[in-house]
Amino acid sequence: MRLIMLGAPGTGKGTQGKILSAYYGIPNISTGDILRSAIEKGTELGQQAEQYMDKGELVPDGLMIGLIEERLLDDDCKNGFILDGFPRTVKQAIALDRHCQQNKNCVDFVIGLELDENKIVKRLTSRRVCRTCGKDYNLVTNPPPSDNKCVVCGGEIVQRADDTEATVRNRLKVYHEKTKPLQEYYQKKGKLKIFNSDGKIDEIQREIRVFLDEVKN
Ligand code: AMP
């Protein structure tokens with residue numbers, strides 16, 4: 001099973017991707033998580049990416065394509081993978097197609113997630129995450145404990161630098177300009193299935209799995 005999670009920030013790509021990843025036993029590869037970890041560690045990649053991420057801009061294609069091509073050659077991708085946050089531009093999608101054709105591991109399906117923009121802004125500005133393990137919290141629906149320590153690993157719970165309202169609005173603008181065209185790109189290949197992500201996490205997960213069970217054989 002090789003999947004792409006496609007959608008605007010805040011539509012639940014990471015949440016749904018991680019559950020699918022555990023269910024199918026394949027890695028969920030989040031380019032955002034890889035970049036945040038690089039920033040945290042102070043690597044060269046992190047230093048290059050930080051200036052773009054803080055403004056809600058995309059990190060240059062060249063950097064992202066190299067990073068994902070390398071990651072997809074890892075052993076744990078042999079039986080499949082879930083891409084969360086890649087591709088984000090048509091150039092990245094074309095590079096991914098080329099790489100996958102060469103390595104005979106082409107993407108099977110693209111799971112598109114859609115949600116009303118006002119709800120996205122509300123979701124993202126109230127999102128909090130564990131600095132250490134990345135677990136998600138939400139001030140409204142799933143508030144962090146009063147000591148602000150992650151229930152999974154005890155790490156500090158923080159707001160992502162790019163989850164402030166102004167940056168979220170820019171990320172949405174960038175999504176519409178650069179990433180939304182990928183819906184048409186994958187539609188033409190007959191690989192796209194769109195789900196409404198305004199609902200309970202479990203229910204959306206169930207709908208995705210019903211679809212995948214139907215089409216995968
Ligand atoms: P995410 O965690 O997926 O919301 O990504 C956070 C930020 O990382 C984005 O706003 C971009 O700045 C950067 N990023 C993640 N994936 C990509 C990508 N495929 N291409 C360019 N920038 C990316």
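Scope of the values below: all heavy atoms of this structure, side chains included, with no hydrogens, waters or symmetry mates. When a ligand or atom number is given, it counts from 1 through the structure's own listing order.
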Q: Could you tell me whether some N/O pair between Arg160 and ligand 1 is separated by less than 3.5 angstrom?
A: yes

Q. Atoms of ligand 1 less than 4.0 Å from Arg36 heavy atoms?
A. 2 (O), 6 (C)

**Q.** Location of contacts on Val59 toward ligand 1, heavy atoms closer than 4.0 Å
**A.** both

Q: Begin with the C-alpha distance, continue with both residues' side-chain angles, and end with the deciding distance and a verdict on salt bridge (charged side-chain N to carboxylate O under 4.0 Å, His left out) for Asp108 and Lys191.
A: CA-CA 7 Å; Asp108 302 304; Lys191 292 191 173 177; over 6 Å; no

Q. Looking only at protein heavy atoms, which one is nearest to atom 13 (C) of ligand 1, and how far off is it?
A. Leu35 CD1, 3.6 Å

Q | Element-labelled atoms of ligand 1 that are located less than 4.0 Å from some non-hydrogen atom of Arg171 | A | 4 (O)

Q: Indicate if Val129 and Leu35 have the same hydrophobic cluster label, given that clusters are the connected sets of ILVMFWY residues with side-chain heavy-atom separations under 4.5 angstrom.
A: no

Q) Going by the order shown, which atoms of ligand 1 are within less than 4.0 Å of some heavy atom of Met64? A) 16 (N), 17 (C), 18 (C), 19 (N), 20 (N), 21 (C)

Q: Would you check if there is a donor-acceptor pair between the side chains of Glu114 and Gln183 at a distance under 3.5 Å?
A: yes

Q. Who pairs with Asp76 by salt bridge (Lys or Arg N to Asp or Glu O under 4.0 Å), at least two apart in sequence or on another chain?
A. Arg71

Q: Examine Gly85 against ligand 1 and note whether any of their N/O atoms are separated by less than 3.5 Å.
A: yes

Q: Give yes if a backbone or side-chain nitrogen or oxygen of Thr31 is under 3.5 Å from a nitrogen or oxygen of ligand 1, and no if not.
A: yes

Q | Among Lys13, Arg88, Gln92, closest by any non-hydrogen atom to atom 3 (O) of ligand 1 | A | Arg88

(Q) Just to verify, which of Arg131, Arg128, Met53, Arg36 counts as forming a side chain to side chain contact (heavy atoms under 4.5 Å, CB included) with Arg160? (A) Arg36

Q) So which heavy atom in the protein is nearest atom 12 (O) of ligand 1, and how far is it from that ligand atom? A) Glu57 O, 2.6 Å

Q | Phe109/Tyr186 aromatic ring centres below 6.0 Å | A | no

Q) In terms of residue, atom name and distance, what is the protein heavy atom nearest to atom 7 (C) of ligand 1? A) Met53 CE, 3.8 Å

Q) Taking the side chain as C-beta and beyond, is there a heavy-atom pair between Ile68 and Gln92 under 4.5 Å? A) no

Q: Examine Ile4 and Val215 and state if one hydrophobic cluster contains both, with Ile, Leu, Val, Met, Phe, Trp and Tyr joined whenever side-chain heavy atoms are less than 4.5 Å apart.
A: no

